[in-house]
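Remarks on the structure that follows.
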Amino acid sequence: MLASSLDAIGILDAGIVALLGYVVVFFGLILLMGVITIMGKAFVAAEQKAAQKAAAAKEAMAANPIVPTFAELERSIKAPGSAGQLKLHDVEPKTAAMLMAIVANQMGKPLNELRFISIKEVK
Amino acid sequence: MINIGEILLNLWNKSGFAALSSGFTTGGWQNLLMIVIACVLLYFGIVKKFEPLLLVGIAFGCLLSNLPMGGLYHQELWTAFMDEASPFYHSYGEIMRHGGLLDIFYIGVKTSLYPCLIFMGVGAMTDFGPLLSNPKSLLLGAAAQLGVFVAFFGAICMGFTGSEAASIGIIGGADGPTAIFLTSKLAPHLLGAIAVAAYSYMALIPLIQPPIMNLLTSPEDRKIKMVQTRNVSKSEKIIFPIVVVVFVALLLPDTAPLIGCLMLGNLLKETGVTDRLSDTVQNALMNIVTILLSTAVGSTMVGSTFLTMNTLKIVVLGVVAFGISTAGGLLGGNVMCKLTGGKVNPLIGSAGVSAVPMAARVSNTQGQKANPSNFLLMHAMGPNVAGVIGSAIAAGFLLSVFG
């Protein structure tokens, strides 16, 4: 058996085992280095690709900005506090929320019992 | 009427004091000397703060097992356990039936449970990011295993058997759990001496390494500032332990328990979904196992087996192994410095010995002495954690040859 025959090892054999062991450690770690390097390159490439995609999308947005029409805005901006039914005309959602809270307070009724149809800025 | 004198005499005869005094001609002095050594180790651990978390436990285990009549540890049970001709060869049942508390603790060392669990904790506390951002540092981790094989060769020249020499050589890996793992398998009778030597020298790294670093590097090279390495993504850190465990365990299956636990601990840390487990492994489990491991290893330091010339030889070979491993890493660092046109500070090579993070801190300190604006810590962590993998591979090789 290898182990039992090597237990009473001679100096020359010990030198060979020592050298072989050192080489094996280097071999193992060099292979691991190769694997990690490849893995790292793959990750860096993937990250670069994702970054390039994001940059291209940003550039495209800058070149062709999508400006919504007033009607689109009117359709899209709905205050969540009124179950999506409240229409805001030239009013920020934050301002609308504040107005709704003031109205509820003045009327002495809970906000969830009131129904707001629309809020429009009087110019 | 009760004979009080007889009772007191019986009490005296059953006491450890009587055993110590009557056994002076048959080895009782060895126990006394070991108790003194235990107290010296306690002094180093508590007052000098040399690896106190381990040295205090080791010293106390040594103290307990050398107190006569305590019955905490039975060397003869473990001798029978290792003797192929004995009916109790590899019989844990016999140990459980007749063993003391420290014998039960020692089962965890014998089965390699404790070193593997410690490695799991080390993995959970280690950030492999610096290694991933600079994979070349693996070469420094390999170069710094030189001391393992030189000390192995030296031990053979000094008359040790192959298994004993392999266990002594691994001290050069500067990795306590790996040294205990290998020694408990190849040369358990040397475990106490090897563990004490390994942990003592690891504590003395700030004293052992700097003179060698100054000797093997030029003042100009020590001033080299290294550039910031790339950021490593979370996905990369999660995949790394899986890749390493598959790769290394396939290359050297004997390292699978150590590398497997190291990488499991690291995966628990990196996933981000097992924070509770990671926290337990890093703290509670690590602390419990450290107590059991250190006490069990200390208990093997029984006078009759520890007070031999071999212990003295191990102490000498251990420091040689540490020194040569440091030199190997520095030579690797010098080569890398030249090949990269002075982009690598050779001081990070000495961190290739795996004492994490002590060796990396020493590299950083020496670098700052040469150039106060030099911050080498993160660069040195790469070779440092590579050294952990390197010493495990070295242990796997020695185990496959002599195991």
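As the structure is a computational prediction, the values presented were derived from the model and not from experiment. Letters A, B, ... mirror the listed sequences (proteins, then strands); counts begin at 1. Side chains included, hydrogens not; waters and symmetry mates left out as well; all remaining heavy atoms used.
If you measure heavy-atom distances from B:Phe240 to chain A, the contacts under 4.5 Å come from both the backbone and the side chain. The parts of A:Leu20 that come within reach of chain B are both its backbone and its side chain, each placing non-hydrogen atoms under 4.5 angstrom from that chain. Both the backbone and the side chain of B:Ala143 have a heavy atom closer than 4.5 Å to some heavy atom of chain A. With a 4.5 Å cut-off on non-hydrogen atoms, B:Leu186 does not touch chain A at all. For B:Ser235, the parts lying under 4.5 angstrom from a heavy atom of chain A are both the backbone and the side chain. Both the backbone and the side chain of B:Leu139 have a heavy atom closer than 4.5 Å to some heavy atom of chain A. Of the atoms belonging to B:Phe149, heavy atoms from both backbone and side chain fall under 4.5 Å from chain A.
Taking a 6.0 Å sphere around NZ of B:Lys343, one finds it holds 12 or fewer heavy atoms contributed by other residues, nucleotides or ligands. Residue B:Lys313 places its NZ atom among more than 12 non-hydrogen atoms of other residues, nucleotides or ligands, all under 6.0 Å distant.
Judged as a salt bridge (Lys or Arg N to Asp or Glu O under 4.0 Å), and not counting sequence neighbours, the contacts of B:Asp127 are B:Lys237. Applying the ring-ring contact (aromatic ring centres under 6.0 Å, His included) criterion to B:Phe181, with sequence neighbours excluded, gives no partner residue.
Residues of residues 23-34 of chain A that come within less than 4.5 angstrom of chain B, heavy atom to heavy atom, are A:Val24, A:Val25, A:Phe26, A:Phe27, A:Gly28, A:Leu29, A:Ile30, A:Leu31, A:Leu32, A:Met33 in numerical order. Near-neighbour residues of residues 43-54 of chain A relative to chain B, defined by a heavy atom under 4.5 Å from a heavy atom of that chain, comprise A:Phe43, A:Val44, A:Glu47.
Between B:Phe153 and A:Ile11, the closest side-chain pair of non-hydrogen atoms falls below 4.5 Å.
Here the CD-CD1 distance, from B:Glu164 to A:Ile9, works out to 13.0 Å after rounding to the nearest 0.5 Å.
Across all their heavy atoms, B:Phe397 and A:Gly21 have their closest contact at CE2-CA, 3.2 Å.
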